[in-house]
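When a residue number appears, it is its place in the shown sequence, counting from 1.
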Amino acid sequence: MFELENANNPFKGWSQVWIPYCTGDVYAGTRSNVTIEGVATPQSFYGNDDVKKTIGRMKATFPEITRFVAGGSSAGGYGAGIHFGNLQDTFRGALGSALLDASPPFTNDYAAVCMQQRWRDTWGVDGAFPSDCGTTCRDAKGGNLFQIVDYWRAKYPSAKVALISGIHDEIIRLFFSLGNDDCAGYQGDPVSLFLGTLGDTYPPDKFSMGLSQLRTKYEDTDQLATYFMDGLPNGTAHQCLFRSRLYEKAAGADKPTIAEFLKTWIEGTMTQVGP
């Protein structure tokens, strides 16, 4: 998507702002001096402040925009979803959309509540959420973290969302495997996490069921378009927006390319591509 002279790029000619990922908190952290198991130095998670300061700089640079897409891959997709309202409130009157690449906002059925609570406690995610989101964004046990999507849908009914994912995305499955068995094997160190879950990651069939639930939940709202990749190697692939995969028929030979799907979405048509 950074190939702005590529005629097949659905974002050809758009201005782009890239926010680096340097805080490890899905762009939503609000805590400092946090003790992490296995890490000697206290850590600070300032993702939320970083994004808000960047949005302020964007407003100064692009004061009169009429259209924007808050997009990201993996952690960036979750950050785009969390901060969508900050962008829409800043650019009032602009038509806003959210593009989530390899970052499905699973319900509590597919994102373990104990894992969501860990993220809240470690990163301070609640500090990035609107104060009036209430139980929509947090239930009594610490779940509903990804249901901020429903809060934004209600507040901005004209917003459109596109979700791109491999039906068995191996990296997001590894990420969600932290919640397996009620977080019994939760491990903050990435090397230990990877080695410890080589044979025991998040079940692929459960992951695809989570994607299907999202499509079923929102497809009648005319607010969600989905592109689910299947087959080898795309079924387990992770991230598309900054890879050549953007221009491939990653959902099957008889399906559109991801770029073609996004062009249709940008034009306002919500389609459901792939299994």
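For Lys263, the NZ atom counts as loosely surrounded, since its 6.0 Å shell holds 12 or fewer non-hydrogen atoms of other residues, nucleotides or ligands. Heavy atoms from other residues, nucleotides or ligands lying under 6.0 Å from NZ of Lys217 number more than 12. Atom CD of Gln16 is surrounded by more than 12 heavy atoms from other residues, nucleotides or ligands within 6.0 Å. By the neighbour-count criterion of 12 heavy atoms within 6.0 Å, atom NZ of Lys53 is sparsely surrounded, having that number or fewer from other residues, nucleotides or ligands. The environment of Glu267 atom CD is dense: over 12 non-hydrogen atoms of other residues, nucleotides or ligands sit within 6.0 angstrom.
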key: Evaluation steps, side chain to side chain donor-acceptor pair (under 3.5 Å), between Thr107 and Gln147   = CA-CA 7 Å; Thr107 67; Gln147 271 46 71; 5.7 Å; no
ring-ring contact (aromatic ring centres under 6.0 Å, His included) between Phe106 and Phe176, intermediate numbers included = CA-CA 10 Å; Phe106 281 166; Phe176 281 166; 5.4 Å; yes
request  = Applying side chain to side chain donor-acceptor pair (under 3.5 Å), run through Asn108 and Gln116 and close with a yes or a no.
outcome  = CA-CA 9 Å; Asn108 296 342; Gln116 296 179 49; 3.1 Å; yes
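Centroid-to-centroid, the aromatic rings of Tyr78 and Phe146 come within less than 6.0 Å. In this structure, Tyr21 has its ring center closer than 6.0 angstrom to the ring center of Tyr27. Taking the six-membered ring for Trp, Phe175 and Trp119 have ring centres closer than 6.0 Å. If you look at Tyr227 and Phe261, their ring centroids are closer than 6.0 Å.
Side-chain contact check for Glu219 versus Met270: every heavy-atom pair is 4.5 Å or farther apart. No side-chain heavy atom of Val34 sits less than 4.5 Å from a side-chain heavy atom of Trp123. By the 4.5 Å heavy-atom criterion applied to side chains, Lys249 and Pro256 are not counted as neighbours. For the pair Thr257 and Leu246, the minimum side-chain heavy-atom distance is 4.5 Å or more. Under the 4.5 Å side-chain criterion, counting only non-hydrogen atoms from C-beta, Asn144 is not in contact with Thr136. Ile171 has its side chain within reach of Asp169: a pair of non-hydrogen atoms, C-beta onward, lies under 4.5 Å apart. Within the 4.5 Å cutoff, the side chain of Thr61 has no heavy atoms near those of the Met58 side chain. With contacts defined as side-chain heavy-atom distances shorter than 4.5 Å, the pair Phe45/Thr122 qualifies.
One finds a salt bridge joining Lys160 and Asp222 here, because a Lys/Arg side-chain nitrogen approaches an Asp/Glu carboxylate oxygen to under 4.0 Å. A salt bridge is absent between Arg118 and Asp121; no separation between the charged side-chain nitrogens and carboxylate oxygens falls under 4.0 Å.
For Arg138 (side chain) and Thr135 (main-chain N/O), no donor-acceptor pair under 3.5 Å exists by modelled atom type. A donor-acceptor pair is defined here as one N or O able to donate and one able to accept, closer than 3.5 Å; such a pair exists between the side chain of Asp25 and the backbone of Gly47.
Interatomic distance, Ile65 CD1 to Leu87 CG, rounded to the nearest 0.5 Å: 7.5 Å. To the nearest 0.5 Å, atom CZ of residue Phe84 and atom NZ of residue Lys155 are 10.5 Å apart.
Of all heavy-atom pairs spanning Lys141 and Gln117, the tightest one is O-OE1, 3.5 Å.
By the criterion of side-chain heavy atoms lying less than 4.5 angstrom apart, applied directly or through intervening Ile, Leu, Val, Met, Phe, Trp or Tyr residues, Ile164 is grouped together with Phe11 in one hydrophobic cluster.
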